[in-house]
Amino acid sequence: MPTGTLLIIDDEARLRQLLAQVLELEGYTVLQAPDAHRGLELLQQHAADILLVLSDVKLPDANGVDLLPRFKAAAPDAEVVLLTAFGTIPDGVKAMKLGAFDYLTKGDFEQQLVVVVDRAAEKARLRQRVTELERRVGQQYRFESMIGDSPELRRVQQLARQVAPTDSTVLLEGPTGSGKELFAQAIHQASGRQGKAFVAVNCSAFPKDLLESELFGYKKGAFTGALADKKGLLEEANGGTLFLDEIGELELNVQAKFLRVLESQTFTKLGDTKPTKVNVRLVAATNRNLKQEAAEGRFRPDLYYRLSVFVIHVPSLKERPTDVPPLANYFLQHFAARLSKRLPGLSAEALTLLQRYPWPGNVRELKNVLERAAILAPAGEMLSADYLPDEFHALGRPARPGADAADDSMRAVEARHIGKLMGELDGNKPDVAKRLGIGLTTLYRKLEEYGLG
């Protein structure tokens, strides 16, 4: 059964109440107003909940068609259906141009009313979901949402914040998996283009012979198989931001076309004779040294100098090890929620090993490691080092300078304690692990390490 809140504005009390009864039987919550003034008051008070406004055209204090912009301003996600006793084509056309969902004539709309209301309400629900999704995306990709507080990360965030409000081209340099696309998204969300499209293109993901047509589009008949006009990704990003990841993979002839885009905001589609005008901000990313590539003839120097208006180096995870613990805990809780599993956190030994690891795959690798560990770890326990991949254990025990004798002493105490518990509990390893507060796998490793097996 449909749900949601509707607003009926009509000065005919009997008709208004009849419509309300019919729609309430359909499952809707219905608010009523006898005139435009009260209707706008209710709309402003319940703007977040109202899916649809059913308004008479001839109201005592206003014309329903003229009220359409005010309805839309008060509740942008709501739909509007106008009712009139004497429908005219000009009024209907004007209403639809101003954003009305439909225009119904009283006396012959009873059969279609519920159908029209259901369709309008579903469209409003969809728009509300899109608005909420856009809000969440905007929050997710803000600079404030980035995890970590290292000086290296703060320095890069400051640079990105400074360039975000401008339309300047940005080149993000850094190793694969370091979060360059996250910075590109944050720059877009902090710019005046945040309500427009953010189109991300991984240049290495397309075959070289297809990338040009995907970026610039083509006209029908431009080549065999071009059966209709195709809009390119540049046009899709019009008004917003185009993010070109791995821009060093562009062919030299495509680089030449992109140089023109940066210089004049125009390009020519394949098979076309007239240029297409766009308004696009470019953010590019690379894991290569483009300056060196340009010097060696593998990248156009003129394009490099156009791209490098504002260069930001995104540090690798190895360059900011203090950000590893908060990132690891974030990913652990993220995957624990997806698995419907309670995982309180990571053990001190696990966190130490994570910080000592060089992270050749950067943040992307850390995310994958925590997903695997969250799957393996038992619910309710701290995630121990036993659930990390083998390469982490190859790092050895964490060294503590000047504490060798104390470390040996602690190991001896731990060995005696485990041996004592093994005797008290008749060698029941699950019970021993529980008493020690460690995983069973950890216990087996310690028994072998101390020669207690």
Side-chain angles (χ1 to χ4, degrees), residues 136-137 139-141 145-150 152-153 174-186 200 202 204-205 245-246 285 287 314-399 429-430 432-434 436-449 453:
R136 290 184 182 180
V137 167
Q139 288 181 336
Q140 179 182 357
Y141 292 111
S145 300
M146 292 183 178
I147 298 166
D149 195 37
S150 64
E152 295 80 8
L153 182 64
T176 300
S178 56
K180 297 188 291 294
E181 183 169 351
L182 183 64
F183 270 94
Q185 285 269 19
N202 188 331
S204 63
D245 199 5
E246 305 301 350
N287 62 359
V314 180
S316 66
L317 196 53
K318 186 179 179 180
E319 294 176 77
R320 49 188 184 106
T322 56
D323 288 338
V324 172
L327 280 167
N329 276 300
Y330 169 79
F331 288 134
L332 178 64
Q333 297 310 317
H334 170 75
F335 291 117
R338 281 179 51 178
L339 295 165
S340 300
K341 181 189 289 188
R342 190 179 72 85
L343 295 170
L346 292 111
S347 71
E349 183 182 9
L351 282 172
T352 303
L353 289 178
L354 290 174
Q355 281 188 277
R356 286 163 57 85
Y357 186 68
W359 297 110
N362 291 293
V363 179
R364 191 176 297 151
E365 184 182 8
L366 175 63
K367 182 179 179 181
N368 293 342
V369 166
L370 267 298
E371 181 175 8
R372 175 186 182 275
I375 292 170
L376 295 175
E381 291 187 15
M382 295 288 285
L383 193 148
S384 73
D386 296 305
Y387 301 106
L388 298 178
D390 293 341
E391 56 264 32
F392 288 84
H393 300 292
L395 297 172
R397 294 178 61 82
K429 295 180 180 65
V432 172
K434 189 173 182 181
L436 289 169
I438 62 176
L440 190 57
T441 307
T442 303
L443 176 61
Y444 275 109
R445 181 166 57 79
K446 289 183 179 294
L447 289 173
E448 183 178 351
E449 183 180 343

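Only heavy atoms go into these numbers, but all of them, side chains included; no hydrogens, no water, no symmetry mates.
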If you round to the nearest 0.5 Å, how far is [atom2] of [Y] from [atom1] of [X]?
X	Y	atom1	atom2	result
Glu371	Leu376	CD	CG	11.0 Å
Lys367	Leu332	NZ	CG	14.0 Å
Leu317	Gln355	CG	CD	9.5 Å
Leu182	Met146	CG	CE	4.0 Å
Leu388	Ser347	CG	OG	7.5 Å
Leu370	Phe335	CG	CZ	7.5 Å

Donor-acceptor contact present, side-chain Asp149 to main-chain Asp323, <3.5 Å: no
Exam field: side chain Asn362 to backbone Thr176, donor-acceptor pair closer than 3.5 Å: yes
Measure across [X] and [Y] and return the closest heavy-atom pair with its distance rounded to 0.1 Å.
X	Y	value
Gly148	Leu153	O-CD2, 3.5 Å
Met382	Leu346	CE-O, 3.2 Å
Ala377	Lys341	O-NZ, 2.8 Å
Ala373	Leu383	CB-CD1, 3.5 Å
Lys180	Gly174	NZ-O, 3.0 Å
Val369	Pro389	CG1-CD, 3.9 Å

Lys318, NZ: over 12 other non-hydrogen atoms inside 6.0 angstrom: no
Test item: side-chain donor near acceptor, Glu319 and Ser316, under 3.5 Å: yes
Ring geometry between His334 and Tyr330 (parallel below 30°, tilted from 30 to 60°, perpendicular above 60°): parallel
4.5 Å side-chain heavy-atom contact, Tyr387 and Pro378: yes
